[in-house]
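Scroll down for the structure; my scribbles are underneath it.
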Amino acid sequence: MKEYKYKINGNTYNVSIGDIVDNMTEVLVNGTPYKVELEKQKSPVTVVAPHRPSAAPRTASGEKVVAKATADGGSYAVKAPLPGTILSINVKVGDTVKASDTVVVLEAMKMENAIHAGKDGKVTAISVAAGDAVLEGAVLISIG
């Protein structure tokens with residue numbers, strides 16, 4: 001039993017508290033036993049606000065900027081492997097690239113993904129800009 005001394009309105013009380021079992025305990029106050037039932041404590045409820053994704057970029061006319069998958073026109077197309085947002089473009093039209101060069105950085109699911117050229121050649125076209133939202137299979141860069 002735990003023992004405590006309390007002074008209330010000038011009167012001293014010796015209080016002993018026994019073990020708590022199923023919210024019940026025995027308390028001795030100046031030698032007088034009492035059966036005490038404790039209130040069940042309510043666990044606090046934590047409300048978590050869901051994460052709201054940022055809005056897709058929009059054009060001057062207010063339309064969403066989303067690049068969709070298109071048919072390639074004869075040259076090799078570097079395509080988006082998954083939907084996401086273009087963070088940076090590391091090449092420009094006319095640059096010579098190796099297959100292992102990172103040409104675009106794509107953010108998807110809060111992770112940065114380095115998109116490689118996949119083929120040696122010269123960049124003939126860039127179909128996206130930084131900040132664009134793209135769908136899976138969208139052509140990012142064309143290599144000739």
Side-chain angles (χ1 to χ4, degrees), residues 1-9 12-29 32-144:
M1 291 189 120
K2 294 184 181 178
E3 296 186 15
Y4 302 94
K5 286 190 178 188
Y6 294 102
K7 194 170 216 175
I8 302 173
N9 293 332
T12 302
Y13 296 92
N14 293 319
V15 179
S16 299
I17 301 175
D19 293 331
I20 300 170
V21 178
D22 294 328
N23 289 342
M24 294 292 293
T25 187
E26 185 172 313
V27 178
L28 294 173
V29 180
T32 306
Y34 295 95
K35 293 257 184 213
V36 177
E37 181 178 359
L38 303 172
E39 287 185 14
K40 291 185 179 182
Q41 290 189 357
K42 296 177 184 172
S43 59
V45 176
T46 304
V47 177
V48 178
H51 174 71
R52 184 174 181 186
S54 59
R58 296 185 180 266
T59 63
S61 64
E63 300 211 9
K64 291 182 181 176
V65 178
V66 176
K68 296 182 180 164
T70 58
D72 44 333
S75 63
Y76 179 76
V78 178
K79 297 181 179 180
L82 64 165
T85 304
I86 304 297
L87 289 182
S88 67
I89 300 169
N90 301 340
V91 294
K92 54 187 179 291
V93 174
D95 285 356
T96 302
V97 295
K98 298 282 186 197
S100 61
D101 289 349
T102 299
V103 292
V104 174
V105 177
L106 176 75
E107 179 186 33
M109 297 179 284
K110 302 214 184 262
M111 297 205 37
E112 292 184 11
N113 300 281
I115 309 301
H116 300 286
K119 177 183 173 185
D120 293 350
K122 189 181 239 186
V123 176
T124 58
I126 298 175
S127 305
V128 293
D132 285 359
V134 295
L135 299 175
E136 181 178 353
V139 175
L140 307 175
I141 294 178
S142 297
I143 299 174

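Hydrogens, waters and symmetry mates play no part in the numbers below; they use all other heavy atoms, side chains included. All figures in this text were calculated on a predicted structure; none of them were measured in a lab.
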Residue E112 excluded, over 12 heavy atoms near CD under 6.0 Å: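 Check fails, neighbour count at 12 or below.
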
Does the T25 side chain pair with the main chain of V36, one donor and one acceptor, at a distance under 3.5 Å?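 Not a single qualifying donor-acceptor pair exists.
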
Minimum heavy-atom separation for [X] and [Y], please, with both atom names.
X    : Y    : value
S75  : G144 : CB-CA, 4.3 Å
N90  : S88  : OD1-OG, 3.3 Å
G137 : K79  : O-CD, 3.6 Å
I141 : V123 : CG2-CG1, 3.8 Å
V139 : V128 : O-CG1, 4.1 Å

Pairwise distance [atom1]([X]) to [atom2]([Y]) - rounded to 0.5 angstrom:
X   : Y    : atom1 : atom2 : value
K92 : I126 : NZ    : CD1   : 9.0 Å
T32 : Y13  : OG1   : OH    : 11.0 Å
I89 : D95  : CD1   : CG    : 12.0 Å
K5  : N14  : NZ    : CG    : 5.0 Å
D19 : K2   : CG    : NZ    : 8.5 Å

Within a strict 4.5 Å, meaning less than it, do heavy atoms of the I20 and L38 side chains meet?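 Touching, per the 4.5 Å side-chain cut-off.
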
For a 4.5 angstrom cut-off between non-hydrogen side-chain atoms, does V97 reach V103?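 Yes; the side chains approach each other to less than 4.5 Å.
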
Donor-acceptor contacts, no H, no angles, side chain residues 113-122, under 3.5 Å, sequence neighbours left out:
{"residue": "N113", "atom": "ND2", "partner": "L106", "partner atom": "O", "Å": "3.2"}
{"residue": "N113", "atom": "ND2", "partner": "M111", "partner atom": "O", "Å": "3.3"}
{"residue": "H116", "atom": "ND1", "partner": "S100", "partner atom": "O", "Å": "2.9"}
{"residue": "H116", "atom": "ND1", "partner": "T102", "partner atom": "OG1", "Å": "3.4"}
{"residue": "D120", "atom": "OD1", "partner": "A99", "partner atom": "N", "Å": "2.6"}

side-chain contact (heavy atoms from CB on, under 4.5 Å) between V91 and D101, intermediate numbers included: CA-CA 9 Å; V91 294; D101 289 349; over 6 Å; no

